[in-house]
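Here's the structure we're looking at; comments come further down.
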Amino acid sequence: MKAARFDYVRAASVAQALGLLREHEGRAKLMAGGQSLGPMLNLRLARPAVVVDIAGMDELRGVAEQDGRLRVGAGVTHAEIEDGVFPPLRGSVLQQVAGGIAYRAIRNRGTLGGSLAHADPAADWVLTMVALGADIEIAGPAGTRLVAASDFMHGAYTTAVGEDELIVAVHVPRREAQARWGYYKFCRKTGEFAEAACAAWFDPAGKVARVAVGALDGPPALLPGLAAEVARTGAAPAANGRILDELAAVMPDKDPLHRKLHATAVARCLGQALAA
């Protein structure tokens with residue numbers, strides 16, 4: 001199929017992009033890498049009056065250290081993170097996750113902010129940011145605001161971003177050097193969206209851990225009981241039954257097969273994070 005007719009504007013600044021969103025009152029769509037919006041336009045699942053291209057905007061690019069955190073521009077591509085283009089991200093969990101997103105052709109154009117804004121429940125960045133305790137910086141008519149990643153996604157393809165707002169950056173906490181990371185997902189084949197996924201980190205010195213499960217029907221879910229156990233003992237729970245018990249609370253409508261798949265993803269993720 002071909003997209004329905006729309007006007008195209010290439011915005012030169014965040015201010016211009018916000019002005020266009022305000023002017024078109026919900027009938028405009030932002031496009032960064034276009035890896036999600038492009039197919040939706042062609043399938044006519046999206047029929048905006050105007051597409052506002054924000055790719056290449058300098059304000060949405062770059063990585064900077066800020067108040068003990070890393071501020072990563074929403075326009076940074078998956079490939080740039082994977083390739084270590086920005087020194088502060090080299091060797092980070094973001095670089096590890098980026099290398100496993102879809103295919104290289106998609107990573108070359110797809111952006112961090114675009115993936116978050118699309119909010120596919122099986123996407124990598126929505127899960128990663130919840131596990132890291134990141135904040136999403138959103139710009140709008142009233143200025144900028146920070147939304148915790150755990151509050152950002154309201155449901156499948158639904159976020160805290162308003163029709164007249166856009167994501168400008170993600171603020172990721174800097175973890176201690178000894179912090180250990182884990183990220184594991186099940187896909188039918190390389191490049192496809194995950195059917196089950198888990199992200200976790202563990203700081204053995206501070207006795208702090210955070211575990212999140214993704215590829216659910218809605219937003220990623222934290223597993224606080226499991227994280228507390230990991231933080232306390234520093235070892236993965238011996239029995240999958242412990243994991244299954246906690247998963248039952250966050251995915252009560254899933255059948256036993258899906259719970260088992262997620263439980264295995266959690267166990268393998270923790271195996272990575274807790275490996276000596």
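All values reported here derive from a predicted model rather than from experimental measurement.
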Residue list, salt bridge (Lys or Arg N to Asp or Glu O under 4.0 Å) with R188, at least two apart or on another chain = E195

inquiry  = In the structure I gave you, are the side-chain heavy atoms of V250 and L247 within less than 4.5 Å of one another anywhere?
reply    = yes

task = Could I get the full list of salt bridge (Lys or Arg N to Asp or Glu O under 4.0 Å) partners for D164, not counting sequence neighbours?
result = none

Separation between CE of M40 and CG of L45, rounded to the nearest 0.5 Å = 5.5 Å

ask   = From R259 CZ over to T264 OG1, what is the distance, rounded to the nearest 0.5 angstrom?
value = 14.0 Å

ask   = In Å and rounded to the nearest 0.5 Å, what is the CD1 to CG distance from I101 to D124?
value = 4.5 Å

message = Quick check on the hydrophobic clustering: are V266 and F202 connected, directly or via other members, by side-chain heavy-atom contacts under 4.5 Å?
response = yes

request  = Can you sort out the partners of H118 under ring-ring contact (aromatic ring centres under 6.0 Å, His included), two or more places apart, ordered by chain and number?
outcome  = Y157

Side-chain atoms of residues 70-86: list all donor-acceptor pairs with protein atoms under 3.5 Å, sequence neighbours left out, distances to 0.1 Å.
unit_1, atom_1, unit_2, atom_2, d
R71, NE, E137, OE1, 2.9
R71, NH2, E137, OE1, 3.2
R71, NH2, E137, OE2, 3.4
T77, OG1, E80, N, 3.1
T77, OG1, E80, OE1, 3.3
H78, ND1, W125, NE1, 3.0
E80, OE1, R61, NH1, 3.3
E80, OE1, R61, NH2, 3.0
E80, OE1, T77, N, 3.0
E80, OE2, R61, NH2, 2.4
E82, OE1, R104, NH1, 2.9
E82, OE1, R107, NE, 2.9
E82, OE2, R107, NH2, 3.4
D83, OD1, R104, NH1, 3.1
D83, OD2, R104, NH2, 2.7

message = By the salt bridge (Lys or Arg N to Asp or Glu O under 4.0 Å) test, which pairs, at least two apart or in different chains, include something from residues 214-225?
response = D217-K254

query = Partners of A123 by side-chain contact (heavy atoms from CB on, under 4.5 Å), sequence neighbours excluded?
reply = S115, D120, V126, F193

inquiry  = Quick check against the 3.5 Å criterion: does D255 have a side-chain atom that pairs as donor or acceptor with the backbone of L257?
reply    = yes

query = Out of curiosity, Q95 CD to R90 CZ, how far, rounded to the nearest 0.5 Å?
reply = 8.5 Å

query = What heavy-atom pair brings A200 and A273 nearest, and what distance separates the two atoms?
reply = O-CB, 4.3 Å

Name the atoms and distances for all side-chain donor-acceptor pairs under 3.5 Å in residues 17-34, with sequence neighbours left out.
unit_1, atom_1, unit_2, atom_2, d
R27, NE, H24, O, 3.3

Pair up each side-chain donor or acceptor in residues 142-154 with any protein partner under 3.5 Å, not counting sequence neighbours, and list the distances.
unit_1, atom_1, unit_2, atom_2, d
R145, NE, E165, OE2, 3.0
R145, NH2, A160, O, 2.8
R145, NH2, E165, OE1, 2.8
R145, NH2, E165, OE2, 3.4

query = Between the side chain of E192 and the main-chain N/O of C187, is any donor-acceptor distance below 3.5 Å?
reply = no

key: Test item: Q272 and Y184 side chains (from C-beta on) under 4.5 Å apart, heavy atoms   = yes

message = Looking at every heavy atom in both A249 and P252, which two are closest together, and how far apart are they?
response = O-CD, 3.9 Å

request  = Could you tell me whether the side chain of K185 and the main chain of G100 form a donor-acceptor pair under 3.5 Å?
outcome  = yes

ask   = Mind checking whether R232 and K207 have side chains closer than 4.5 Å, heavy atoms only?
value = no

request  = Dump the intermediate steps for side chain to side chain contact (heavy atoms under 4.5 Å, CB included) on R268 and Y183, then the final yes or no.
outcome  = CA-CA 8 Å; R268 294 183 182 180; Y183 191 86; over 6 Å; no

message = Could you see if I54 belongs to whatever hydrophobic cluster contains V161? Use Ile, Leu, Val, Met, Phe, Trp, Tyr and a side-chain cutoff under 4.5 Å.
response = no

query = Is L112 linked to L37 within one hydrophobic cluster, defined over Ile, Leu, Val, Met, Phe, Trp and Tyr using a side-chain heavy-atom separation of less than 4.5 Å?
reply = no

Close side-chain approach of T128 and L94, heavy atoms under 4.5 Å = yes

ask   = Less than 4.5 Å apart, any side-chain heavy atom of W201 and any of V230?
value = no

Over all atoms of both residues, closest heavy-atom pair of P219 and L216 = O-CD1, 3.6 Å

key: Side chain proximity check, L127 to V213, heavy atoms < 4.5 angstrom   = no

key: Pairing of E246 and R242 as salt bridge, 4.0 angstrom limit   = yes

inquiry  = Going by salt bridge (Lys or Arg N to Asp or Glu O under 4.0 Å), name the residues that satisfy it together with D58, two or more places apart in sequence or in a different chain.
reply    = none

message = With heavy-atom distances below 4.5 Å as the criterion, would you say the side chains of D7 and V51 are in contact?
response = no

request  = Write down the atom of A215, the atom of A197, and the distance for their closest heavy-atom approach.
outcome  = CB-N, 4.2 Å

key: side chain to side chain donor-acceptor pair (under 3.5 Å) against R210, all qualifying residues, sequence neighbours excluded   = none

note = Taking every heavy atom of C198 against every heavy atom of C269, the minimum-distance pair comes out as O-SG, 3.4 Å

key: Side-chain heavy-atom pair V168, V14 within 4.5 angstrom cut-off   = yes

inquiry  = Using the side chain to side chain donor-acceptor pair (under 3.5 Å) criterion, which residues pair with D253? Sequence neighbours excluded.
reply    = none

ask   = Does L60 share a hydrophobic cluster with I138, counting links as ILVMFWY side-chain heavy atoms below 4.5 Å and allowing steps through other members?
value = no

ask   = Should V50 and F6 be marked as a side chain to side chain contact (heavy atoms under 4.5 Å, CB included) after you check the CA-CA gap, both sets of side-chain angles, and the distance that decides it?
value = CA-CA 5 Å; V50 58; F6 61 84; 6.0 Å; no

task = Would you kindly confirm whether I167 and V97 end up in one hydrophobic cluster when ILVMFWY residues are joined by side chain heavy atoms under 4.5 Å apart?
result = yes

ask   = Mind checking what makes side-chain contact (heavy atoms from CB on, under 4.5 Å) contact with I106, not counting sequence neighbours?
value = Q35, A102, Y103

Inter-residue atom distance L223.CG - E229.CD, 0.5 Å rounding = 11.5 Å

message = Taking R69 first and then D135, would you say they form a salt bridge - that is, a charged N and a carboxylate O separated by under 4.0 Å?
response = yes

request  = Step by step, work out the side chain to side chain contact (heavy atoms under 4.5 Å, CB included) result for V130 and L222.
outcome  = CA-CA 8 Å; V130 169; L222 289 168; 3.9 Å; yes

